[in-house]
Every structure is written in structure tokens, then in C-alpha cells.
Trainee: 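Attaching a single structure in C-alpha cells format; questions to follow.
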Amino acid sequence: MSGTATPVGAATPGRADAAALALIDVACRFAAAGKPAYTAVAGISLAVQPGEFVSVVGPTGCGKSTLLNLAAGLLRPSAGSVQVFGSPLHGINARAGYLLQSDTLMPWRTALQNTVVGLEYRGLPKQQIAAQGREWLARVGLAGFGDRYPHQLSGGMRKRVALAQTLALEPDIILMDEPFSALDVQTRQLMENELLALWQARRKAVLFITHDLDEAIALSDRVIVLSAGPASHAVGEFDIDLARPRDVADIRASARFVDLHARIWSCLRDEVLKSYAQQRAAAHG
Amino acid sequence: MVELRALQWSLLAAMLALWHWVTRNPDVAFFFGEPLVVFRRIWTWFTRGDGSLQIGPGRAGWFTLHLPAEIYPHLIVTLSETVIAFVIGAALGTAAGLWLALAPRTGVVLHPYVKAANSMPRVILAPIFATWFGLGIWSKVALAITLVFFVVFFNVYQGVKEVDPGILASSRVMGASRRQLLHTVYLPSALSWLFSSLHNAVGLAFVGAVVGEYLGSARGIGYLILQAEGTFDVNGVFAGIIVLTVFALLLDGMVSFIERRYMIWRPALGETRRL
């Protein structure tokens, strides 16, 4: 990745070099026995440039996680294509790291062993693995906790280990599915700032899924709004031209943040209301 | 914890006292035995007489063990049957559980057969095993294996099936091959299920061994109990039951010991050490 910072909002299409990740007109349908096929997403196109931090927000049940599974190669699109640095994706996306919403640490491994599991898969030499693992644990503020098992760590600490596990593989694309949603507000803001600092130092492409608009604006270069499901698609795209480096707590008070929030929320609100009405109808039907 | 231990022991003492007191009446004692006589019987078994045990196949065997008291050959036979059946049954159950869980097509095809074999009252097989393997230890081992196998099999199968899908997805994206997934995700996850099944399995291995002996044998604790029953010797029956129970507890303790060594990552009961 080039050392020069990508200009804010550099997602302008038509750049000569390929996007780190591009979803081109993808649709994803799920077939269940005896039921009509459920279309989770339909006709979504989005691109994440190298070094760009893009967030996707949308109402619950709008297929946000489906999007990430497509990008990770865990799902294959029913239509359209997924491209990684210009070439179509087959199978698992080897250049991506995926931080899931749920707790994905292996309970039978210590924090250090969890951090290095991906490095082990790559078959690196043992000494290098241990050294890199300790380095990454220190980077997420857990030096000295390497011997603890997940059940001996707090929720925030487990998330840090998961972050270290994902970043230790130095992926070119980082996929994050509401990674901090289970944390309390204070821990969450700390983690968001740490994520920004780590990202700032390395500038990988990030596709960040959240239902929290504040989080999306505070972290991202660009925010994409998805419509309510089924067959959800992008309904709005906003460049976030807030200066970096940012502090996620302070930035929320700035006038520009408030202005952006109002604009994106007016777009998102309609979709949230639609989704809410659907859920009510489903509950009463 | 100390008080709880004390409570446990006093409960045992109280039960023995009740047993002793109730069986002062000879009519009751005929049905329930007398604790003092029972323990004297156990003491005699472990101290008096001598026993010999032929080790090896055939009538002559390889060599003959001479043992210091009459119970030892019986105990050695029953424990050998139990341990052999436990090890073989657990190994087969683990292998089959992993195989069927990881090869879904095979799993679907074999599913009704596994179900049928499991719901069959397998104790009925004892006479068949006796005709196949004779009245020595192997017919008992075979019966006990059929009991142990399914408990372990179903637990390992479940353990593999219930692997956290999040862990699986994240491991796959980190580039795990099928073999690496097996080693780092499926096996460790199944292991904790395996250990919880082993406690049941030890008990069932004992059941298989003793029931097998009970239905036809010349040695073993089950044989001793059968002999005692044949002569309305209730005290002998209870003595046999107590010896069996103590050794079942010992084997269970050994499983717990191994479990504690390999399952250090699992929070112990009541331990919530968060930071």
C-alpha cells in the first residue's frame, strides 16, 4: 500500500488502478425448502479503494452481513460479480480479513495462540509466529495477557484479541461486521479510536458494517446507506470530509458531523421506518 | 468447601447408621443384608484365601498369576473387561463420530441404521456374543463396547456439528485448509464433548462387563454376585455391589483427572475469573 494518504472521499470511479474490493450488481437469493426464495440483496454495486474506510449502514435485516459474506467469499452471489483488486473472486477471499460480530475466539486457545492461528495456517516458522503474535498483542494493548484463555478476558479484551488475530495476517481488505456492537459505550469508543489509529498507520481498505450511524460517520471516508430488505440495495452514498486523525468522541460535537448526520439520517430514516412497518406487519400477520 | 465435605461424609455415616439400625430385625436383614457383615465379607475377600488367574489364550495360557486373596482374579477380570471395552469403544465412537459428522452424505445414508442400532436393547446381544466369543472376557468386552460406543459416538458427532459457525467462518477466511480446520477447530471442539461423554461411558462399560458376567461366566464380580444370589446370600450381593461402585468411582476419577489436564481452557464450575 502506498504511504501517501488517500484523499478524503477518493472513491471517485474511473481511477486507473483497480478497487481493492468491488461488488458489481450483485444479488443474493436464499432458497429454503417449501418456501419462495428469499432475496437478501439485489443489484448492489459498491467499491472500496485501497486505503479507504467505507461504512455500510442500514435498518435491521437489510442483508448487511450477506454483503460481507459475499466479500469474504463465504457466499457466492446469485447474480453479479465480486472483484478483488481487479480480478474476479473464486472461493475464499485470501486478501481479506474478517472480523465478525460474534465472539470468534477459540475458547481452547490462549490469547496469544488465538492471535497467531492465522499465521499457523500459513505455515510460518514457529519462532516468527510467536514473535509476531506478541507484537500484535502489544499493539492492541494486551501485552502480558498472552497466557489468558478467552473466558478469563473481558468482552472488550476478547474483541482486541480478535482484532489482533485479523490484523496479524496483514490483509489488504478488512471486513468488519458490527464488531463493537456488543460492547458498552465507553469500551466501544476506546476501541473505535484504537481501530482508527491502527488503520491510520497501515491504511488498508476497510468495509465496515454497522447499524450505528454515529459510528459510521466518525470512522469512515464514505458512508453507504442500504434500503430495507428484502432485495435491499444502496439508496445513498455520502462522502465524509472530516479531517483526520479523528477522535470519535470529540468529533461528534463538530458542526460538520452534525450536518452530515442530519443529511444521512434523513435518507436512512425512511428505510428504518419501512423496515419497522414490515416487521410489525409480519408480527401481526 | 470443608463444611460441604463434612456434610457429605456425615450423610454417608447417617445412611450406614440407618441401614445398620433397620437391619437389627432379622426379617429385614434377610432382604437388605447387614452393613457390618457386608464389610466383613469385603474384608475377607481382600485378605483371605488365594486366587490364581491364567493369562493368555487357550486352556494353558501363557502363565498363571498367583494372587494373595480370592477377590483379585475376579476384580482383575472385571476391570480388564471394563477398561478394554472403554478404550476400544471410545476410540471407535470418536472415529465414527468424526467421520459421519464430517462426511455429511455418508452421515445421511447411515443415519437410520445408527438410530436403529442405538434404540435396540443391546443387552439382548449378550447371549449372541457368548456364542461368538465364548464365555471368556471377550464376550463381555464386546457387549460393553456396544454400550460405550454409542454414547461417545453421539457426543462426538454433536460436538462436531455444533462447532461455532463464527469460528468456522473466521478460520476459513484466515485460510485454513480442511485438515487445518480439523486440527484447530473440529477436534478441540469435539474433545470437550468427548470428555463429558466419557463419564457416562465408564459407567456403561462397567454395566456391560457385569451384565455379561451375570449371563454366563466363571470369573468376575458379576459372577460373584450371581453366586451369592444363588444361595440367598444378600450380604454377598451387597458386598459385590459396593466393590463395583468403589471401582467405578475410581475409574471415573481417573477420567476427571485426565479431563482436568487437557481441558484447562474450560472454566471450572463456579469459577468466573474475569479481569
Side-chain angles (χ1 to χ4, degrees), chain A residues 65 68-69 71-75 91-111 113-124 142 144-145 147-158 162 165-171 173-177 179, chain B residues 94 97-98 101-102 104-105 108 111 155-156 158-198 258-275:
Chain A
S65 301
L68 281 195
N69 287 336
L74 291 168
L75 272 179
I92 297 290
N93 187 345
R95 301 186 72 168
Y98 195 173
L99 190 60
L100 281 92
Q101 180 181 10
S102 60
D103 217 345
T104 56
L105 295 185
M106 301 174 183
W108 48 85
R109 282 173 168 248
T110 62
Q113 288 168 339
N114 263 298
T115 308
V116 300
V117 67
L119 301 171
E120 284 177 17
Y121 291 152
R122 289 204 176 153
L124 298 181
L142 288 179
F145 288 91
D147 293 335
R148 309 272 177 149
Y149 285 93
H151 79 270
Q152 298 167 320
L153 298 171
S154 70
M157 289 168 139
R158 286 203 294 270
Q165 184 188 57
T166 308
L167 297 182
L169 287 168
E170 305 262 358
I173 308 161
I174 302 167
L175 309 169
M176 298 180 134
D177 188 1
Chain B
T94 306
L98 282 174
L102 292 176
R105 279 174 63 88
V108 170
H111 184 254
N155 269 276
V156 171
Q158 195 77 359
V160 173
K161 285 283 171 197
E162 303 227 333
V163 165
D164 188 317
I167 293 180
L168 215 50
S170 100
S171 302
R172 286 179 61 202
V173 177
M174 283 191 284
S177 65
R178 254 186 90 80
R179 254 195 55 203
Q180 285 169 330
L181 276 184
L182 181 69
H183 280 282
T184 59
V185 183
Y186 287 118
L187 280 178
S189 168
L191 204 62
S192 62
W193 286 71
L194 170 66
F195 269 111
S196 52
S197 77
L198 290 186
I258 298 171
E259 188 176 15
R260 268 199 299 279
R261 282 208 48 187
Y262 286 95
M263 298 274 109
I264 34 170
W265 55 269
R266 210 163 47 180
L269 208 65
E271 180 212 21
T272 44
R273 198 148 55 95
R274 299 244 162 175
L275 294 168

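Each chain gets a letter, A, B and so on, in the order the sequences are listed, and its residues count up from 1. Nothing here was measured: the structure is a model prediction, and the numbers come from that model.
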Trainee: Given the options A:L99, A:L119, A:I92, which has more heavy-atom pairs under 4.5 Å with chain B than any of the others?
Mentor: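 Most heavy-atom pairs under 4.5 Å with chain B: A:I92.
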Trainee: Less than 4.5 Å to any heavy atom of chain B: does that hold for the side chain of A:D103, its backbone, both, or neither?
Mentor: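 The answer is the backbone of A:D103.
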Trainee: Which pairs, with at least one residue in residues 181-197 of chain B and sequence neighbours excluded, count as a side chain to side chain donor-acceptor pair (under 3.5 Å)?
Mentor: A:Y121-B:T184
Trainee: In a table with atom names and distances, give each donor-acceptor pair under 3.5 Å that connects a side chain of residues 169-179 of chain B to protein atoms at least two apart or in another chain.
Mentor:
{"unit_1": "B:S171", "atom_1": "OG", "unit_2": "B:I167", "atom_2": "O", "d": "2.8"}
{"unit_1": "B:S177", "atom_1": "OG", "unit_2": "B:Q180", "atom_2": "N", "d": "3.2"}
{"unit_1": "B:S177", "atom_1": "OG", "unit_2": "B:Q180", "atom_2": "OE1", "d": "3.3"}

Trainee: Are side-chain heavy atoms of B:L187 and B:L98 found at a separation under 4.5 Å?
Mentor: yes
Trainee: Output the option from A:P107, A:G97, A:G91 having the highest count of non-hydrogen pairs under 4.5 Å with chain B.
Mentor: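 Going by pairs under 4.5 Å, I would pick A:P107.
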Trainee: Ignoring hydrogens and angles, state whether a donor on the side chain of A:Y98 or A:N93 is under 3.5 Å from an acceptor on the partner side chain.
Mentor: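 Distance-only check fails for A:Y98 and A:N93.
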